[in-house]
Amino acid sequence: MSKTCIIVGASHAGSQAAISLRQSGWSGAIVLIGAEAVPPYHRPPLSKDFLKGGKEIDEILLRPVSTYESADIDLIPGERVARLDRGDRLIFLKSGATLQYDKLILATGAYPRELPIPGGDIPGVMYLRTAADVLAIKDKVRPGGRAVIIGGGYIGLETAASLRAQDMDVTVLEMEDRILQRVTAPVMSDFYRRIHTEEGVRILESCAATHILGGKTGMTIVTNTEETLDADLLIVGIGVIPDTAIAKQAGLEVGNGIVVNEFCQTSDPDIYAIGDVAWHHNPLYDIDLRLESVPNATDQAKTAAAHICGRGKPYAALPWFWSDQYDLKLQIAGLSSGYDAIVLRGTPDKGRSFAAFYFRGETLIAVDAVNRPQEYMIGKRLIPLALKGKTIDKTALADEDIPLKDLLK
Ligand code: FAD
């Protein structure tokens, strides 16, 4: 009898899992169910080209809809899975239908953390996670209009750059003492503060919104520094929460994400979890974590699909990520947390291109490269070697007269 694999969540992880299952030889039915009304699309452009107005939704689809049809994948957009019954292997759709699975993949991703202050829930406070969110934001973009962004992480800063490109007057509030504090080193924060300031963005650090007042024409943001800001557009980007609701309801092991093993299997061996929602182990760094990145979502999708088809290889990828702001392409390889020294190649305090190499003791653990594709590529090859014991010459790394590829020898 033909078997059925159901995938819940139709974005980077879910879409890749469906395609990879077919490519790995799954001959049964594949059902890909997504709560969003549109077919799976690239999420990173939402804060970049899509917000800037350069792209329509059809131009950012992950795959043409015909690809799912020709792979015999039953794509069901605009439908939410309400709950699971693991005993009878059933999923219950919000619309009332029930489907049976043999294997189930949870690719439910994450949703924005809400602003936990008075007025944080008034209409007009906007979040940026989905294409629908961005369409609503775009309606409020006007040259000369006042935009306030709460949260100085990558998404907040990309949004600031995209709104400046449309001549909005932009202020970013960051409650920590520096932007990007939770994700990177002071040298990167200093660089991005300088660039955004040069581009005309007002950056307020150590500044937390304490309440929001809504008016007929806009909003007022009151802060802990006695500053009040009037805004025509207010966007909150203060992080995301993994969407573990149906996993919890079904009694799967859940912490800060759905707990999975090296094959992306949950505590129920017939149920897998992949992408932003998966709490997993990274053997290169020997830590447990959740990653919010496209490469992680697609790589875990391939791992789960291969394992379901009996060809499992443990997930052991080097994390990588990127961020585009103005003409700056930041590429990140590895995990920098726990670093104790940074080696710079180039000068972050002037110009728009440099690389920061992160070391723990003598071990190279990560690189942040701004407009430096070679540093990124070679760093990405050096880090796994370094994690296995190769010593990287720090002096050579900092010396721009020494070709980086010499370090690979
Ligand atoms: P998601 O993309 O979150 O998708 C999960 C899907 O599951 C959603 O469509 C949701 O509606 C659906 N879902 C949830 N519960 C249910 C349910 N019960 N029933 C049905 N459907 C359900 N990463 C990078 O690597 N580089 C970048 O430059 C970058 N930029 C980004 C910019 C923005 C604005 C955002 C928001 C993210 C960015 N990311 C970037 C992160 C990246 O987009 C995510 O890591 C990636 O989308 C994770 O994919 P996913 O499939 O795991 O989850």
Side-chain angles (χ1 to χ4, degrees), residues 6-18 31-52 60 62 75-84 91-95 99 104-113 126-134 137 149 151 153-162 183 235-237 239-250 257-258 260 264 272-280 290-301 304 319-325 328-333:
I6 297 180
I7 304 163
V8 186
S11 178
H12 287 277
S15 170
Q16 182 64 53
V31 184
L32 175 58
I33 304 168
E36 293 181 64
V38 287
Y41 57 86
H42 289 273
R43 213 171 281 287
L46 293 186
S47 47
K48 308 173 182 93
D49 284 358
F50 192 64
L51 175 56
K52 269 192 263 178
I60 61 165
L62 282 170
L75 171 63
I76 309 179
E79 181 64 270
R80 182 166 281 279
V81 173
R83 66 183 181 91
L84 313 180
I91 65 160
F92 299 87
L93 302 183
K94 206 169 170 210
S95 62
L99 300 173
L104 181 66
I105 301 179
L106 301 178
T108 48
Y111 56 88
R113 185 182 297 281
M126 309 190 98
Y127 293 84
L128 200 166
R129 181 73 192 179
T130 66
D133 293 340
V134 179
I137 290 170
I149 299 167
Y154 287 123
I155 288 177
L157 294 180
E158 287 181 355
T159 302
S162 297
V183 285
I235 302 175
V236 178
V240 294
I241 296 173
D243 196 336
T244 56
I246 53 175
K248 266 191 195 148
Q249 166 273 318
I258 306 173
V260 296
C264 299
Y272 294 71
I274 56 177
D276 279 17
V277 79
W279 177 260
H280 63 279
R290 214 170 49 69
L291 285 172
E292 292 160 15
S293 80
V294 167
N296 173 68
T298 51
D299 287 347
Q300 288 191 329
W320 61 277
F321 185 77
W322 74 93
S323 172
D324 298 332
Q325 297 166 47
L328 308 174
K329 183 157 199 74
L330 167 65
Q331 293 169 293
I332 301 170

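Read the numbers this way: they start at 1 and go in the same order the structure lists the ligands and their atoms. Keep in mind the model is a prediction, meaning the values are calculated, not measured.
- Around ligand 1, the residues contributing at least one heavy atom under 4.0 Å from the ligand are V8, G9, S11, H12, A13, I33, G34, A35, E36, R43, P44, S47, K48, E79, R80, V81, A107, T108, G109, A110, L128, R129, I155, D243, G275, D276, E292, S293, V294, P295, A297, F321, W322.
- Ring-centre distance between F50 and Y41: not below the 6.0 Å cut-off.
- The closest donor-acceptor contact from the side chain of R129 to the backbone of R43 lies at 3.5 Å or more, if one exists at all.
- Checking H12, H280, Q16 one by one against Q300, the side-chain hydrogen bond (donor to acceptor under 3.5 Å, both in side chains) holds for a single residue, H280.
- Each of V31, L32, V81 was compared with V8 under the side chain to side chain contact (heavy atoms under 4.5 Å, CB included) criterion, and only V81 meets it.
- D243 pairs by the salt bridge (Lys or Arg N to Asp or Glu O under 4.0 Å) definition with nothing, not counting sequence neighbours.
- Under a 3.5 Å cut-off, the side chain of T244 and the backbone N or O of A247 do not form any donor-acceptor pair.
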